[in-house]
Amino acid sequence: MAPALHLIFLLIIHMVSSAEWAVNYSHTHICALKNSSVILSCTYTYPTGHQIIKVFWTKDNVKGKEPIDLSKDPEYSQRLQYLGDEQQNCTVRLSHVTKKDEHEYHFRFTTNVTKGSWTGSPGVRLSVTDLQLESPERVTEGDSVRLTCKSSCKLTDTPTFIWYRNSHTLTIGDELNISSVRREDAGRYRCAVHTLTSPEVYLNVIYPPRSVSVSISKSVVIIEGDSVTLSCSSDSNNPALKFSWFKVKSLVGSGRIFNISKISSDDSEKYKCKVKSAHVVKYSDPVILNVQYPPRNVSVSVIDDSGQLWFDSASLMCISDSNPPALNFSWFKENQSSAVGSGQSFSAVQSGRFYCEAHNPHGVQRSDTVTVHQGSGRNATVITVTSAALLIIIFIIILCIIKKQRSVKSEGLTVTQNDLYSDPGSAGDALYASVNPRRGRAAECRDAEEIQYATVQYHKNTQMKREEEEEQRQCDIKPVQQPDQDHSRSNAETVQNSVIYSSVR
């Protein structure tokens, strides 16, 4: 029984002794934010009568290997601060922690007794984390949204989170709640604790377009042959938007960009863009593509103000198709190097072949030649008409003379050549005749009806004047079929004493 009692006594002594050697840690696992300071709190005990000779913190205790004092390690010496004492408190502070500091840390003390050293194991596991902002990728306008500031491990301390949008402070808390999100809530969000901040996250608020606009790559002058790009933009950031392009009312393309690689004058029209979302359709204001080009289809038009087929001088007009309209025109006569005129219209006073050149800022083009015949124009027409009129007048005069001569011969009278003469002052228009047979009134009346001439007589006595007036009234009242032979002699006397002026019309 004696040996058994001795063993029991030794065991009790060992248990009591072991119970007096201890290190107690407040937390066996600590989660700390990157760049923050962490405090490892602990207490230790040892047997009565022992004196503490040395205390220090070490990491990753390896059995059979002498622990390293971290206060002497260059990586920790500037960041490690012992806050305890050499009796019971073994608290230490480690500042500016990083991912490299993720280890298991132990407290070790040594007494004045042989083999009187103790290491608190297991130690304190340190985890270092970044801040991460949790947010939905996109949210529709009007919906509610929640943003959360998170870490890879649960933080040992309860930090105070501050929220920012576009660098402006919003609120405090580990979460940010927006009950009814607006398009103005879109932006860059981040959360922070002291100097530690999370990466920025963009909150994408989806909303239908309110306005649509079109921009042109070449906004100044578009020349035929250029490459032109139209871009459609809206105030919506909805990736599901559909873009369509219209030329007047005809669909010509789709997508945000519409490109015309080699533009022509046929592309000069109004263009607009249509943007369609799930429930909204918007059109842009139309933009006009004004394609400029040099003169083409230059031609010469002949202007005839008189309405005649022939003219003395030809009025020519130069016509062209150009943008901007041609303002400078030059006229050339074939086989002549220098211009013979300028301006859109030109009066050709000579015969020949003529052409024009039209100029605008983008080029010049000439027309085909036109042939102008001069000299057989309006003057020839006027001369022809005048000559025909004179021939008719002469013919009427001759006919009148013949009829008068026949009337006089029938009465036995002779009309002398001196009685028929022409007045030079009337340019051959009037004939002066001294014919007045009394008994040939009917014939004179008929002649008057046929050739339409008027008779004016100057008489030397009043009696003869009254007789002639009476004869004229008889002609007006009743035509006589046969000449009165009884008045032949009286008529001859009248011819000798008077002069008859006949003007043919």
Side-chain angles (χ1 to χ4, degrees), residues 22-45 52 54-62 66-110 118-135 147-165 167-176 188-201:
V23 176
N24 298 313
Y25 300 104
S26 299
H27 301 284
T28 58
H29 180 261
I30 295 177
C31 177
L33 293 172
K34 180 181 177 181
N35 293 324
S36 65
S37 295
V38 60
I39 293 178
L40 307 178
S41 300
C42 72
T43 58
Y44 63 98
T45 59
I52 300 299
K54 185 178 181 179
V55 294
F56 62 91
W57 282 81
T58 187
K59 66 178 180 180
D60 299 332
N61 189 29
V62 179
E66 184 67 23
I68 299 174
D69 185 356
L70 293 181
S71 63
K72 298 182 179 347
D73 188 337
E75 292 186 4
Y76 290 91
S77 60
Q78 300 298 323
R79 299 184 296 125
L80 192 67
Q81 182 183 6
Y82 186 72
L83 303 178
D85 52 32
E86 294 183 356
Q87 293 178 359
Q88 291 181 341
N89 192 348
C90 54
T91 302
V92 70
R93 174 186 290 158
L94 182 62
S95 60
H96 304 292
V97 295
T98 63
K99 280 288 185 180
K100 293 173 62 177
D101 297 327
E102 288 186 332
H103 297 281
E104 187 176 88
Y105 293 89
H106 306 267
F107 176 72
R108 181 177 176 82
F109 62 93
T110 303
W118 188 267
T119 301
S121 185
V124 179
R125 171 65 58 180
L126 176 62
S127 298
V128 180
T129 182
D130 288 328
L131 285 179
Q132 299 294 329
L133 197 156
E134 189 177 74
S135 170
L147 284 72
T148 305
C149 201
K150 299 185 68 175
S151 58
S152 58
C153 57
K154 186 177 181 181
L155 296 173
T156 303
D157 297 331
T158 304
T160 300
F161 294 96
I162 302 175
W163 289 89
Y164 299 90
R165 181 181 69 215
S167 300
H168 298 289
T169 305
L170 294 178
T171 186
I172 296 175
D174 58 347
E175 288 185 347
L176 176 63
R188 302 183 308 275
Y189 286 81
R190 63 184 175 90
C191 60
V193 176
H194 303 301
T195 59
L196 180 65
T197 182
S198 70
E200 287 186 337
V201 173

Would you say the side-chain atoms of [X] pair up with the backbone N or O of [Y], donor to acceptor, closer than 3.5 Å?
X: Ser135; Y: Leu147; value: no
X: Trp118; Y: Thr45; value: no
X: Ser71; Y: Ser77; value: no
X: Thr148; Y: Glu134; value: no
X: Thr156; Y: Cys31; value: yes
X: Glu102; Y: Val128; value: yes

If every non-hydrogen atom of [X] is compared with every non-hydrogen atom of [Y], which pair is closest and at what distance?
X: Thr58; Y: Ile68; result: OG1-O, 2.8 Å
X: Pro122; Y: Tyr25; result: O-CE1, 3.3 Å
X: Ser37; Y: Ser95; result: OG-CB, 3.3 Å
X: Asn89; Y: Thr91; result: OD1-OG1, 2.8 Å
X: Leu131; Y: Cys149; result: CD2-SG, 4.0 Å
X: Tyr76; Y: Leu70; result: CB-O, 3.4 Å

Return the [atom1] to [atom2] distance between [X] and [Y], rounded to the nearest 0.5 Å.
X: Ser152; Y: Leu33; atom1: OG; atom2: CG; value: 9.0 Å
X: Arg93; Y: Arg79; atom1: CZ; atom2: CZ; value: 13.5 Å
X: Arg188; Y: Ser167; atom1: CZ; atom2: OG; value: 6.0 Å
X: Cys42; Y: Trp57; atom1: SG; atom2: CH2; value: 4.0 Å
X: Leu155; Y: Ile30; atom1: CG; atom2: CD1; value: 11.5 Å
X: Ile52; Y: Asp85; atom1: CD1; atom2: CG; value: 9.5 Å

Contacts of Tyr44 meeting ring pair (Phe, Tyr, Trp, His ring centres under 6.0 Å) (sequence neighbours excluded), chain-then-number -> Phe107, Phe109
- Given side chain to side chain contact (heavy atoms under 4.5 Å, CB included), test Leu133 with Trp163 step by step and report yes or no. CA-CA 10 Å; Leu133 197 156; Trp163 289 89; 3.4 Å; yes
- [ ] Check step by step if side chain to side chain contact (heavy atoms under 4.5 Å, CB included) holds for Val92 and Leu83.
- [x] CA-CA 5 Å; Val92 70; Leu83 303 178; 5.9 Å; no
Practice item. Could you verify whether a donor N or O on one side chain and an acceptor N or O on the other, from His27 and Ser41, lie under 3.5 Å apart? Key: no
Please say whether more than 12 non-hydrogen atoms of neighbouring residues, nucleotides or ligands are located less than 6.0 Å from [atom1] in [X].
X: Leu196; atom1: CG; answer: yes
X: His96; atom1: NE2; answer: no
X: Asp157; atom1: CG; answer: no
X: Glu175; atom1: CD; answer: yes
X: Lys59; atom1: NZ; answer: yes
X: Lys99; atom1: NZ; answer: yes

Quiz item: Considering only heavy atoms from C-beta outward, does the side chain of Leu94 approach that of Leu80 to under 4.5 Å?
Solution: yes
Q.
Does any part of the side chain of His29, heavy atoms only, come nearer than 4.5 Å to the side chain of Ser127, both counted from C-beta?
A. yes
Carefully, step by step, assess Tyr189 and Leu170 under the rule side chain to side chain contact (heavy atoms under 4.5 Å, CB included). CA-CA 10 Å; Tyr189 286 81; Leu170 294 178; 3.6 Å; yes
Take Ser198 and Arg190, measure what side chain to side chain contact (heavy atoms under 4.5 Å, CB included) needs, and give me the verdict at the end. CA-CA 6 Å; Ser198 70; Arg190 63 184 175 90; 3.7 Å; yes
